[in-house]
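FYI, side chains are in, hydrogens and waters are out, and symmetry mates aren't considered; it's all heavy atoms of this structure. Chain letters run A, B, ... following the sequence lines, proteins first and then strands; every chain starts at 1. Here the structure is a predicted model, which is why all the values come from computation and not from measurement.
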Amino acid sequence: MNLTVEIGRLKLKNPVMSASGTFGYAEEFSDFVDLNKLGAIVVKGISIKPMEGNPPPRICETACGMLNSIGLQNVGLKKFLKEKLPYLNKLKTIIIVNILGNSISDYVKLSKTLEDSGIEAVELNVSCPNVKKGGISFGINDKMLAKLISKVRQSAQKITLITKLSPNVSNIPLFAKVAEDSGSDAISLINTIPALAIDIETWKPKLANITGGLSGPAIKPIALRMVWEAAETVKIPVIGIGGIMNAGDAIEFLLAGATAIQVGTGNFVNPGATIDILEGIEDYLKRKSINDIKGIIGGMNGKCTNNNSDN
Amino acid sequence: MNLTVEIGRLKLKNPVMSASGTFGYAEEFSDFVDLNKLGAIVVKGISIKPMEGNPPPRICETACGMLNSIGLQNVGLKKFLKEKLPYLNKLKTIIIVNILGNSISDYVKLSKTLEDSGIEAVELNVSCPNVKKGGISFGINDKMLAKLISKVRQSAQKITLITKLSPNVSNIPLFAKVAEDSGSDAISLINTIPALAIDIETWKPKLANITGGLSGPAIKPIALRMVWEAAETVKIPVIGIGGIMNAGDAIEFLLAGATAIQVGTGNFVNPGATIDILEGIEDYLKRKSINDIKGIIGGMNGKCTNNNSDN
Amino acid sequence: MSKNFRAKVINNFALNPRTFLLEIEPIEETIAPKPGQFYMIQPDSSYDPLLKRPFSYIRKSNGKIQFLCAIKGKGTRLMMNFHSNKIISMLGPFGNGYPIFKSNHISLLIAGGTGIASILSLSNEVQNKYLIYGARTRDELLLLDKIEELGDRFIVCTNDCSYGKKGMVDELLKDFISSHKDNINSIIIYACGPLPMLKAISKISAENNIKGFASLEENMACGFGACLGCAVKTKQGYQRVCKEGPVFPFKEIIW
Amino acid sequence: MSKNFRAKVINNFALNPRTFLLEIEPIEETIAPKPGQFYMIQPDSSYDPLLKRPFSYIRKSNGKIQFLCAIKGKGTRLMMNFHSNKIISMLGPFGNGYPIFKSNHISLLIAGGTGIASILSLSNEVQNKYLIYGARTRDELLLLDKIEELGDRFIVCTNDCSYGKKGMVDELLKDFISSHKDNINSIIIYACGPLPMLKAISKISAENNIKGFASLEENMACGFGACLGCAVKTKQGYQRVCKEGPVFPFKEIIW
Ligand SMILES: Cc1cc2nc3c(=O)[nH]c(=O)nc-3n(C[C@H](O)[C@H](O)[C@H](O)COP(=O)(O)OP(=O)(O)OC[C@H]3O[C@@H](n4cnc5c(N)ncnc54)[C@H](O)[C@@H]3O)c2cc1C
Ligand SMILES: Cc1cc2nc3c(=O)[nH]c(=O)nc-3n(C[C@H](O)[C@H](O)[C@H](O)COP(=O)(O)OP(=O)(O)OC[C@H]3O[C@@H](n4cnc5c(N)ncnc54)[C@H](O)[C@@H]3O)c2cc1C
Ligand SMILES: Cc1cc2nc3c(=O)[nH]c(=O)nc-3n(C[C@H](O)[C@H](O)[C@H](O)COP(=O)(O)O)c2cc1C
Ligand SMILES: Cc1cc2nc3c(=O)[nH]c(=O)nc-3n(C[C@H](O)[C@H](O)[C@H](O)COP(=O)(O)O)c2cc1C
Ligand code: FES
Ligand code: FES
């Protein structure tokens, strides 16, 4: 059975990856899964300087989901290269580094340094505020996004460039196209959706940061719609993310047109989720007598009509 | 205990309303609730001509939510006035008519006719595609929205005008402000979020229309964030909608700044939900020794920072 | 008297690995159901699954109501584990059941699979009747004890020939028609089962000019006419399975 | 040996209306826990609630593990109804437990409310010990049978005076310190309970220059260091309750 998929220059053993921020720096999962079996590992978002993150409480549960406002806590580029990369380099799987910054030059510096350190792929987290543009996030402004990606592409030419789209836009096809046209090798989506929960006894928000990002099964149908819209629009591979808990969920994303998928919140509920999903996909293909994963990618019957007549 | 709230010129007995499309034309709920006890009833969206709606399947369940693609099926303005209004007029509660159209003139005609028929309030469903502008929905284009609301306001000057915002935008405060500045008396949010579910056995979308609108507990944290952002931005009343199943949920929306709330999907799961919620709010106020509902509206501790540093 | 009520589980047991018989007793005063009507049953008190599930009742006696439920997905898997005395939340009875005619005619009841539940609710209420009941295998022919009292007016078949006649109900229907050529005009068909079966029966009925009714299924959010989710295409436009249905005349349905 | 395992519920009963004692037995091979460590327990197999819940173990014996659980919200309400033989999904043991010192010292164990669970896991492992245990009322003093063997080294109090001494554990701590002035340097405090209690104890310890450790709680998504959700502020920046904790030296915590 052929499970391999290509993302840019990367050839993945299989389409199952971990999602950034939910898999630590992989070592945290070595008790639970054979890391070498994964298609790729996306590590927690790295910024140039270490970030200490937001005050607690940082997470809370919601119906079929959770909010987080970790605040992009990370060890910073230097410490990542020195302390985390050696462990990752020993793994026989592709490592994708999720990066974040407050300016274009941050992203350029991060991707260039990572390329020079032998990293094969970066994923741009563009949901962060651009401090120079009044804190508007790169991910919701098509012109800013185009510029960001082009600049990164110019400086880091060999690295596989994945742009992680924000779900917080009206028009996913537009942003998918911008990413493609600006030189992304692939796009991944969705990131968490900004959300709020309030404690009705204390009248305080449940997170110290007030809002947080919603993830988990609750967002799956939204993510799936966006992945489908994106996949119908661009030719570069689309990586599906959002509420994937089991093989059935992953298969939905593949059918919608995703070339690969990432498991986020699912890792918390079941730390063996990635491998369970991989095995579940294999079983499914066997049962359906399909011997290449590509036989299901984009297999959904139905054309994008961009028809908004819900309700 | 004072539960009354004001929305434009309307004085509601209490802040609990039904959401459009989930309460039929009210009569469907007469077996379950004392309709006269509700703060207001918002009826299924009405268009000028009857609409037959989308082919089945029209609904499916998702994690803590559901998708619908009813396709705005409705009896049309004429039949509404003739067959549905007489029953509604007998009720001792405020009736709000949700309206939808494919052009500005549709909305103008609907609101004017309804005003002339003695209807006190309309809610503009602006998630529908504008056929003249290539099918882009009014609700995701601020300029189109401003024009729509101004025109409706000019022609129907007495009616209370509620604009129902689409969640499918990056910047809710912008759209809230547009609604306020263009003459809306209030805003309500959120409508359903476009979403997709796929049957992995048949490879077909679970809805014949492919996509549908996500509603229910799954979307509550997103709705609550948007309601809070809107309430922090505008002075006109904000009506909170999205995943309200019980009194606790309703209170979260009031604390976030909503002056009133609408119950949608909750009515399906528990057809007595609206009254249960009303009673639950009363119990809560008693327990907290608060004798005016206004004592909790906007009570959440926390300022809008528009800080997007989730994750 | 309420259509939104709580009920206590009295009995719940497996009839085969994919089907269980659920008996409940409302703990509030409820409205008496009519043949062909259905109830909405809440599988769990969490929001996952969120919606109640529609089930035809088999019969109501001594205040207890019986359901025959096939295990399909999340909801029915949870319901399968309902233990005795559990309190569950229900809605109903809903829908327009089977129309019962006073005239002197033959009621031909046709059930496929769990469609037998709805057909049995009717069976008790009509007189001059025959019942055709089909399933894939012997193992899937359920509640035979409740039916066999019909004697030779009860015709049963399995696709795999493991019990009764071999074949599908539509073939039995053709046989039935051939052997009742004389009083064909007095036959009224009532059918409940899988869509392909209903479609086939409706076609045969049309060809033979026999009046008939089918009980349809469609995904439901509310069950009582509010969401417009359960539409089926009919000659009068979309109609709601939960309100105008679940029973529709064959000739109204656009298959 | 796995930290991701299924377990069978052996016993589950209410100690008072707000607390239950849960005993489980892993059905896969697991790792032995150390005092102060905790497990993540899945309340339900649906996605609502979604996350597993953290609970300190009381003790592990004969392969069985005991937990003391206070009913707080959705998850614990479901767990309260775990019936015997139910198979549940668990993770653990996680965290750095209480540091145990070889030196010759007095271990002063302090528990408030359900904090007694974590403290009891330690109690079995240390020798020269005292235990101060407080709760609001007699009714909330739990597992006394497991503790009373400590005899006069066991000091108990309730806020409402319904059992033992009247007052809060911090007052008892002050008394204890006064009566142990001589060997104050050999005292090591281990505390688990509500945050205000821990804060008060930490303050008294600092004033008296006593070394001590507190077991903290914070919302958790994973329990094993991956999500960074359970951060608490310490002198070394944010640390993870699930990984660097749940036990931290008093003097490291920024309260
Ligand atoms: C009027 C009516 C009467 C019915 N009577 C019976 C009966 O007596 N015995 C019986 O075994 N089944 C009956 N069904 C079908 C039964 O409702 C479904 O099998 C059941 O809802 C499946 O739920 P699930 O959670 O196991 O499946 P899931 O696939 O998890 O359900 C997901 C969603 O789809 C809906 N759904 C799935 N299949 C159907 C279906 N066939 N019809 C309607 N909704 C569906 C569910 O209600 C739920 O909202 C009836 C359906 C209708 C409409
Ligand atoms: C290391 C550790 C050990 C614990 N040991 C025990 C114990 O032995 N006995 C006991 O009764 N309780 C213990 N707790 C607290 C227990 O985890 C919570 O009471 C429980 O998670 C509440 O779940 P719920 O679903 O009932 O509440 P809900 O309010 O519905 O929970 C919502 C979410 O918040 C989280 N949450 C709520 N309260 C807490 C809390 N205090 N700590 C961490 N997460 C919380 C839940 O885990 C869940 O994710 C411990 C907590 C931690 C961190
Ligand atoms: C605790 C947590 C931390 C996250 N951190 C990051 C991050 O650093 N960078 C990033 O791009 N996405 C981050 N995400 C988003 C996830 O990678 C993923 O896009 C999102 O959670 C949706 O997938 P899920 O529903 O499977 O969790 C984080 C998500 C969670 C829950
Ligand atoms: C079946 C269904 C039909 C709906 N029809 C309409 C409609 O006609 N007009 C409208 O503005 N909103 C409509 N809505 C949206 C609801 O009014 C509400 O905004 C949305 O469902 C979110 O609230 P909830 O989570 O409480 O359901 C509909 C929702 C559902 C589920
Ligand atoms: S199920 Fe809601 S209208 Fe039929
Ligand atoms: S709970 Fe996830 S890092 Fe501690």
Side-chain angles (χ1 to χ4, degrees), chain B residues 18-19 21-33 43-45 50-75 199 206-208 212 215-218 220 243 245-246 249 264-273 275-276, chain C residues 1-6 28 30-31 40-54 72-76 78 89-94 195 216-245 253-255:
Chain B
S18 64
T22 67
F23 214 68
Y25 300 105
E27 204 164 350
E28 290 84 347
F29 281 81
S30 58
D31 275 345
F32 302 108
V33 295
V43 294
K44 176 75 189 158
M51 288 174 70
E52 74 159 354
N54 287 326
R58 289 178 172 188
I59 60 161
C60 76
E61 197 182 55
T62 66
C64 289
M66 61 174 278
L67 303 189
N68 89 77
S69 63
I70 306 303
L72 303 166
Q73 176 180 345
N74 77 89
V75 296
D199 184 323
K206 290 196 180 173
L207 302 181
S215 63
K220 191 186 76 170
M245 306 297 282
N246 55 42
D249 296 335
T265 303
N267 291 308
F268 304 151
V269 178
N270 168 17
I275 297 299
D276 289 352
Chain C
M1 299 250 277
S2 174
K3 291 188 174 181
N4 187 359
F5 62 91
R6 283 168 311 139
E28 295 163 58
T30 58
I31 291 160
M40 301 290 288
I41 302 183
Q42 183 166 48
D44 196 45
S45 57
S46 85
Y47 296 142
D48 176 38
L50 180 67
L51 303 170
K52 291 186 163 74
R53 270 50 177 164
K72 295 282 177 176
K74 225 178 214 177
T76 44
L78 286 160
S89 175
M90 292 182 56
L91 303 175
F94 290 140
L195 201 62
L216 300 184
E217 294 186 0
E218 191 47 72
N219 289 359
M220 294 186 172
C222 68
F224 49 89
C227 73
L228 308 182
C230 61
V232 285
K233 193 114 194 163
T234 72
K235 298 220 169 103
Q236 274 132 72
Y238 286 120
Q239 291 196 271
R240 295 166 294 185
V241 169
C242 72
K243 196 85 181 181
E244 287 82 40
I253 303 165
I254 299 176
W255 295 97

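A salt bridge does not link C/Lys74 with C/Asp44: none of the charged nitrogens is closer than 4.0 Å to a carboxylate oxygen.
Between the B/Arg58 side chain and the C/Leu228 main chain, a donor and an acceptor come within less than 3.5 Å of each other.
Under the 6.0 Å distance and 45° angle rule, C/Lys233 counts as a cation-pi partner of C/Tyr238.
Of the residues considered (B/Ala63, B/Gly24, B/Pro271), B/Pro271 shows the highest number of contacts with chain C, using heavy-atom pairs under 4.5 Å. The candidate with the highest count of non-hydrogen atom pairs below 4.5 Å against chain B, out of C/Val232, C/Leu51, C/Leu91, is C/Leu51. No other option in B/Gly65, B/Gly272, B/Ala26 has as many heavy-atom pairs under 4.5 Å with chain C as B/Gly65.
With a 4.5 Å cut-off on non-hydrogen atoms, B/Pro217 touches chain C through its side chain but not through its backbone. With a threshold of 4.5 angstrom between heavy atoms, B/Tyr25 does not approach chain C through any atom at all. In this structure, chain B has a heavy atom under 4.5 Å from the side chain of C/Lys52, while its backbone stays farther away.
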Carefully, step by step, assess B/Met245 and C/Leu50 under the rule side chain to side chain contact (heavy atoms under 4.5 Å, CB included).
CA-CA 11 Å; B/Met245 306 297 282; C/Leu50 180 67; 3.8 Å; yes

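Checked by atom type, the side-chain pair B/Asn246/B/Asp276 shows no donor-acceptor distance below 3.5 Å.
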